[in-house]
Amino acid sequence: MRSLVLIGHGSHLNSESASAVYRYAELLREKGTFDEVIEGYWKEEPSLRQVLRTVSFTDVTVIPMFISEGYFTETVIPRELGLGHQGPVPKDGIARVIGGRTVRYTLPYGVHPAMSDVILDRAREACPDLDGKDTALVIIGHGTTRNANSSRVVYENADRIRAMGIFSEVSALFLDEDPRLSTWPDVTTSPRVVMVPFFASEGWHTLETIPDDLGLTGPVSELEGRVVYYAKPTGTHPKVADVISNLAEEARGASPRGGELDGGHEAAWQAFEAKASLGLRMGEILITPHDGLFEVRHALDEGRDFLKTYVTPEGLRDVVREDERGEQRPIRTLRSLPRGWRGVFDRANLRRAVHFLYPAVVEESFACSSHALHWTPWATTARRQTGIYAKVASAKPDLVASVSKEVCGSCLRTRLWAGEKLPKTFFDGVPGALPCAEACTLLVAEVREAMSSKGKAAGH
Ligand code: SF4
């Protein structure tokens, strides 16, 4: 029995940012290689600090959904997962036992050698009558002078594909470092040029910056007396799901047996199901049993007809990721759950639906009710921050308190990390009593923002 966790960046503002990871998780669930596939994010929930609590099995493979190694894959994710590792991840990944679970952390999918096949597929899609004798391949990387890893993976793919002898020429060119993309007419001589962006997702660069800089007129353009074919980004290709599967299989290495059901996790969900079978209010939702199924709706929609019905956890998930104004809900316990829907699920899908509605809340509330939830004070969370967030370690307590009052005032959770007490939870019949064991990244970001604004106002 094995759990797979896909880690994405996510966003406090844009719900689209998490979509690619959700899509790959769904593809991998359909493949059925893993008994469970869970998503986790840096800037959304389930957060990196929570996500390991939400897995069902004791054998967990964690894959960073990034196109190259760098700050997030080497510093932020290992730190937040508690792997006790910082810096480059070895080729075979890292294995640790955390809270009774064996956790295997791999390199990001983008550095897997099979990504060369994905590049070739993208090139063939863009240029179906590809004839290597008269066609050059340009792999476009982002590049940055601050992170050599970002360009290294592009060069490695270029070398691998060059060695296959399929194209007359193969070049690696970049947006933010030399050799620049603008030099393509000088570094290629073939009459046809296929350009493949080595990017994780479709976005500003692939849709605007690159086409504008090159002067493309469409998927096929005539430029500088050559025919230029512009491919879709590699990171959105369905084959990436196979790359992830391969990576996970390789991480399993010499330990193919897998794990077992995690006892603590299972106890929390069985206790939850026992409550749900009798009818349950939890946060802003109401769960009602009906003939072996469970109906979930906003508690304020109790007794209301003409609600839109969802029968898959994913369908409901996509509704509750935004509020009624269409704004992102990075923290799912913010008091902005939209109304007007109902979900009808069997027992297994009820777990997944509640996980999407309130990630980690069942596990953490059960631990809190059992007096077993460890909380992390603000000072520890603040000291752990790096990069642009490191400065929050020097935030004055009154500033943290005032920002927290504003941010956490819109959230259902009770701040154990700030010394607040929560003697009972929804498990004990208090629907709105949900614990917050550690300040979330939204609060950390808001504290940083408040420090920057204060600094500017003071002329620093
Ligand atoms: Fe909610 Fe505040 Fe906890 Fe974030 S830190 S989850 S906003 S209570």
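The basis for the numbers below is simple: all heavy atoms, side chains too, and nothing from hydrogens, waters or symmetry mates. Both counts, for ligands and for their atoms, begin at 1 and track the order of listing.
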Asker: Which residue and non-hydrogen atom of the protein lie closest to atom 6 (S) of ligand 1, and at what distance in Å?
Answerer: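 The closest one turns out to be Arg413 NH1, 3.6 Å.
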Asker: For a 4.5 angstrom cut-off between non-hydrogen side-chain atoms, does Met282 reach Phe427?
Answerer: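 No, side chains not in contact.
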Asker: Is ligand 1 under 4.0 Å from a heavy atom in the side chain of Cys436, in the backbone, in both, or in neither?
Answerer: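 Cys436 to ligand 1: side-chain contact only, backbone stays beyond 4.0 Å.
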Asker: Has Glu125 got a side-chain atom pairing as donor or acceptor with Lys232's backbone, closer than 3.5 angstrom?
Answerer: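 No, the answer is negative, given that no donor and acceptor are paired below the 3.5 Å cut-off.
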Asker: Any side-chain to backbone donor/acceptor pair from Arg49 onto Glu80? Under 3.5 Å, distance only.
Answerer: yes
Asker: Would you say atom 2 (Fe) of ligand 1 has Cys411 as a near neighbour, meaning an N/O/S atom of that residue under 2.8 Å away?
Answerer: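 It does not: Cys411 brings no N, O or S atom closer than 2.8 Å to atom 2 (Fe) of ligand 1.
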Asker: Indicate the ring-plane relationship of His265 and Trp269, choosing parallel, tilted or perpendicular according to the 30° and 60° boundaries.
Answerer: tilted
Asker: Tell me which protein heavy atom sits closest to atom 4 (Fe) of ligand 1, plus the residue, atom name and distance to 0.1 Å.
Answerer: Cys440 SG, 2.3 Å
Asker: When you measure from atom 2 (Fe) of ligand 1 to every protein heavy atom, which one gives the shortest distance, and what is it?
Answerer: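 Its nearest protein heavy-atom neighbour is Cys408 SG, 2.3 Å.
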Asker: Within the 4.0 Å heavy-atom shell around Ala439, which atoms of ligand 1 are there?
Answerer: 5 (S)
Asker: Any chance the rings of Phe174 and Phe198 have centres within less than 6.0 Å?
Answerer: no
